[in-house]
Amino acid sequence: QLQLVESGGGSVQSGDSLRLSCTTSGFSLADYAIGWFRQAPGKEREPISCIQKNDIVLYYKESAYTRFTNSRVNVENTAYLQMSSLKPEDTALYYCAARPLCSPNPTQYTHWGQGTQVTVAS
């Protein structure tokens, strides 16, 4: 069974860094793209970034391009989202999701983790 588990979230101060992990099982990570999304209370789930099978990274938010780094280590079955210079507006539940090709549309993903909370205080 294909599973994804996010970890690494927490409560931090503005300007701090966090590294989120997306640990996968039940499939070969090398065969999938991993998308990162976030959802703040009362808002829609929004795409942040996606790393393709060939390690090419797509950023869907300009703020993510400048402050976040998306990576993967297939032999560890884990993808990472390194976030720096965090801001209060980054507060959200962060998810990873898997599909064969990257897409910014969350409805096109069928495999999701449970999410990890990131809270940034000013």
Side-chain angles (χ1 to χ4, degrees):
Q1 183 177 358
L2 196 151
Q3 291 186 324
L4 302 92
V5 178
E6 302 93 339
S7 61
S11 296
V12 297
Q13 297 294 314
S14 182
D16 285 351
S17 299
L18 281 174
R19 188 179 75 162
L20 306 184
S21 300
C22 175
T23 302
T24 67
S25 61
F27 66 104
S28 175
L29 182 59
D31 294 334
Y32 284 79
I34 298 294
W36 286 95
F37 296 80
R38 69 185 184 187
Q39 188 166 17
K43 295 188 177 181
E44 294 186 353
R45 191 167 299 188
E46 63 175 359
I48 302 170
S49 178
C50 184
I51 184 165
Q52 298 180 354
K53 288 179 284 189
N54 60 5
D55 289 347
I56 291 177
V57 177
L58 308 176
Y59 289 99
Y60 301 124
K61 295 180 64 66
E62 182 177 358
S63 59
Y65 177 76
T66 57
R67 298 186 291 118
F68 297 175
T69 301
N70 192 344
S71 62
R72 60 194 292 158
V73 182
N74 290 338
V75 294
E76 296 179 356
N77 293 316
T78 304
Y80 300 96
L81 186 68
Q82 176 72 46
M83 306 187 296
S84 61
S85 302
L86 285 164
K87 304 176 181 181
E89 50 264 42
D90 294 318
T91 295
L93 191 58
Y94 283 70
Y95 298 90
C96 62
R99 72 187 302 270
L101 296 174
C102 282
S103 171
N105 186 345
T107 65
Q108 294 186 354
Y109 290 79
T110 56
H111 303 292
W112 291 85
Q114 82 291 346
T116 185
Q117 178 68 39
V118 172
T119 303
V120 185
S122 58

* Structure fact -> Residue pairs passing the salt bridge (Lys or Arg N to Asp or Glu O under 4.0 Å) test with at least one member in residues 33-43, sequence neighbours excluded, are R38-E46, R38-D90

* Asked: Which residue pairs satisfy the disulfide bond (SG atoms under 2.5 Å apart) criterion with at least one member in residues 74-122, sequence neighbours excluded?
  -> C22-C96, C50-C102

* Asked: Pairs in or reaching into residues 3-15: which pass salt bridge (Lys or Arg N to Asp or Glu O under 4.0 Å), with residues at least two apart or in two chains?
  -> none

* Cluster link Y95 to V5, ILVMFWY, side chain under 4.5 Å -> no

* For S17 and Q82, work out which heavy atoms get closest and say how close. => CB-NE2, 4.0 Å

* To do: Check side-chain hydrogen bond (donor to acceptor under 3.5 Å, both in side chains) between S49 and all other residues, then give those that pass, not counting sequence neighbours.
  => N70

* Inter- and intrachain pairs under side chain to side chain donor-acceptor pair (under 3.5 Å), touching residues 21-31, at least two apart -> none

* Asked: Hey, does Q52 have a side-chain heavy atom less than 4.5 Å from the side chain of L101?
  -> no

* To do: Keeping to residues at least two apart or across chains, list the salt bridge (Lys or Arg N to Asp or Glu O under 4.0 Å) pairs with something in residues 68-85.
  => D55-R72

* Given a cutoff of under 4.5 Å between side-chain heavy atoms of I, L, V, M, F, W and Y, with clusters grown through shared members, what are the other residues clustered with V75? -> V73, Y80

* **With Q39 via side-chain hydrogen bond (donor to acceptor under 3.5 Å, both in side chains) - residues at least two apart** => R45

* **Gap separating the CD atom of E89 from the OG atom of S63, nearest 0.5 angstrom** => 8.0 Å

* To do: Scan for disulfide bond (SG atoms under 2.5 Å apart) pairs involving residues 55-94, sequence neighbours excluded, and state none if there are none.
  => none

* Asked: Can you list the other members of the hydrophobic cluster that holds L2, where links are side-chain heavy atoms under 4.5 angstrom apart?
  -> L4, V12, L18, L20, F27, L29, Y32, I34, W36, I48, I51, V57, Y59, Y65, F68, L81, M83, L86, Y94, V118, V120

* Structure fact -> Note: P47 and F37 closest approach over all heavy atoms is CA-CD2, 3.5 Å

* Structure fact -> With sequence neighbours left out, the residues meeting side-chain contact (heavy atoms from CB on, under 4.5 Å) with Q13 are D16, A121

* Structure fact -> Residue set satisfying side-chain contact (heavy atoms from CB on, under 4.5 Å) with N105, at least two apart, ordered chain then number -> S103, T107, Q108

